[in-house]
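Before any comments, here is the structure.
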Amino acid sequence: VGYVNSISRIMKRVLILSLLLQFLAIFGFAQSEDNYSTEFASSGEFKILQLSDCKAISGIERDRTTEFIKRMIDVENPQLIVVTGFTGDIELIKSLCKSKNVYCLCLTEKEGADKIIQIRQFGKKDISHLIYCFDSYACKRKESKKAENGITFNQIGWYRQLSKKYTLQNSGMPIPSIAFMHKPLMEYKDGFDVFGKMAKTKKGIIHKTGECNENISCESVNSGLFTSMHECGDIRGVFCSSNLNNNFALVWKNIMLAYGQCSSIDYSSKGVRVIILKDGSEQFETYIRTDDNEIKDHCTYPDNFSIIK
């Protein structure tokens with residue numbers, strides 16, 4: 001009997017420890033120094049600049065990349081830069097952002113981690129928006145060189161738990177959020193298959209902006225992340241890169257799915273994607289800023305889009 005009781009006590013301690021570790025892994029992450037908290041500008045806007053598949057290796061290429069990024073920062077004056085895909089010295093971009101007093105978040109093959117950014121209402125402690133950043137290189141880097149470059153089950157669990165936490169803290173109302181990652185979700189293809197070739201409706205509602213000039217290199221097996229986003233009800237837009245010749249944006253099941261604009265210095269149509277969040281609203285604007293300072297494909301979510309729920 002004593003032996004059985006001893007085993008029972010050990011098993012209870014193991015269970016408690018396991019639950020504690022799970023709790024720390026999920027909730028401790030949100031308070032770690034790897035995450036970032038900021039606030040909206042007094043204008044009620046928060047501007048994000050997305051650099052996609054940028055290159056900065058050496059010599060002239062590095063100098064031209066430096067000039068290009070500086071110019072985009074000066075023109076747009078963003079509060080956040082998100083790098084989705086990069087080849088070369090990432091410290092170059094970090095130093096440029098630091099010199100301009102702009103926070104930089106990198107989701108690249110050599111550097112990346114799942115992170116969450118809190119954006120508070122201007123002058124208040126209340127959270128207005130959240131930005132989820134998914135390291136879609138994680139399974140390739142941590143599990144196997146041959147592993148698929150996509151989202152893992154643990155990452156989905158991380159997102160669901162945080163989404164639930166912030167929703168409960170907000171009196172049961174989901175906090176408007178967006179997400180960044182390198183590789184597109186399978187739903188990019190699903191949405192484009194429906195809306196890709198449709199024209200504007202009679203009321204001026206659009207089905208998509210931008211172009212799809214190469215195959216969408218989404219995961220071959222659906223990770224389930226999009227379904228979780230749809231169920232949680234907080235994500236309003238997902239922004240990726242990966243396919244250099246794609247820059248479209250569409251809305252699928254109430255969530256915008258958008259590519260960035262290829263920012264590689266040797267790409268003929270290089271540019272950046274800009275996202276402007278609105279304080280206290282699910283509405284946001286997005287457009288492409290090209291290297292020759294042209295604004296393309298400006299649209300507002302959800303107003304300009306046909307919505308399939």
Side-chain angles (χ1 to χ4, degrees), residues 26-27 29-32 34-41 44-50 78-82 84 103 105 107 112-122 124-136 151 155-182 184-185 187-188 191 223-240 249-260 273-286 299-303 305 307 309:
I26 294 169
F27 293 101
F29 190 96
Q31 286 79 41
S32 76
D34 290 331
N35 296 283
Y36 183 66
S37 180
T38 184
E39 69 174 2
F40 275 84
E45 295 185 342
F46 187 88
K47 183 179 285 189
I48 306 162
L49 191 151
Q50 180 189 3
Q79 291 143 284
L80 171 69
I81 290 180
V82 180
T84 53
Y103 183 75
L105 192 148
L107 300 171
D114 301 323
K115 299 180 182 181
I116 187 168
I117 297 175
Q118 302 173 350
I119 311 176
R120 303 182 305 277
Q121 296 179 16
F122 175 72
K124 299 180 180 180
K125 294 182 179 180
D126 298 330
I127 298 175
S128 174
H129 286 68
L130 295 168
I131 301 176
Y132 290 90
C133 300
F134 293 90
D135 177 17
S136 55
I151 299 297
Q155 290 174 292
I156 297 173
W158 167 80
Y159 158 69
R160 291 183 69 98
Q161 292 290 341
L162 284 176
S163 176
K164 181 180 179 181
K165 170 191 171 183
Y166 284 109
T167 296
L168 290 174
Q169 290 179 355
N170 195 42
S171 302
M173 296 293 293
I175 294 178
S177 307
I178 62 173
F180 287 92
M181 62 191 67
H182 177 65
L185 301 171
E187 284 75 12
Y188 274 71
S223 67
L225 178 57
F226 183 89
T227 299
S228 288
M229 291 175 171
H230 192 254
E231 288 178 352
C232 291
D234 53 354
I235 299 293
R236 301 295 187 262
V238 180
F239 300 89
C240 75
L250 54 81
V251 174
W252 180 246
K253 298 187 183 299
N254 215 32
I255 298 175
M256 176 181 280
L257 301 176
Y259 277 95
R273 178 172 287 281
V274 178
I275 303 107
I276 306 174
L277 304 178
K278 309 291 184 179
D279 196 356
S281 172
E282 72 169 7
Q283 187 186 74
F284 64 83
E285 299 176 50
T286 185
C299 58
T300 300
Y301 170 94
D303 303 26
F305 288 88
I307 304 294
K309 296 184 178 181

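For clarity, every value in this text was computed on a predicted model and none was experimentally measured.
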Q. Atom CG in L130, atom CD1 in I116: separation rounded to 0.5 Å?
A. 4.5 Å

Q. So, are K278 and E285 salt-bridged, with charged N and O less than 4.0 Å apart?
A. yes

Q: Would you check if F180 and I48 make a side-chain contact, meaning some heavy-atom pair closer than 4.5 Å?
A: yes

Q) Looking only at atom types and distance, does a side-chain atom of R120 sit under 3.5 Å from a main-chain N or O of T38, one as donor and one as acceptor? A) yes

Q: Mark yes or no for whether Y36, through its side chain, and Q118, through its backbone, hold a donor-acceptor pair below 3.5 Å.
A: no

Q: Could you tell me how the ring of W158 sits relative to the ring of Y132: parallel (under 30°), tilted (30 to 60°) or perpendicular (over 60°)?
A: perpendicular

Q | Donor-acceptor pair, side chain of Q50 and main chain of C240, under 3.5 angstrom | A | yes

**Q.** Side chains of Y301 and I255 in contact at under 4.5 Å (non-hydrogen atoms)
**A.** no

Q) Any donor-acceptor pair under 3.5 Å linking the side chain of S163 with the backbone of Y159? A) no

Q.
Can a donor-acceptor pair be found, under 3.5 Å and without considering hydrogens, that links the side chain of D114 to the backbone of D135?
A. yes

Q. Would a distance-only check, ignoring hydrogens and angles, find a side-chain to backbone donor-acceptor pair under 3.5 Å from R236 to Q283?
A. no

(Q) Donor-acceptor pair, distance only, cut-off 3.5 Å: does the side chain of D279 make one with the backbone of F122? (A) yes

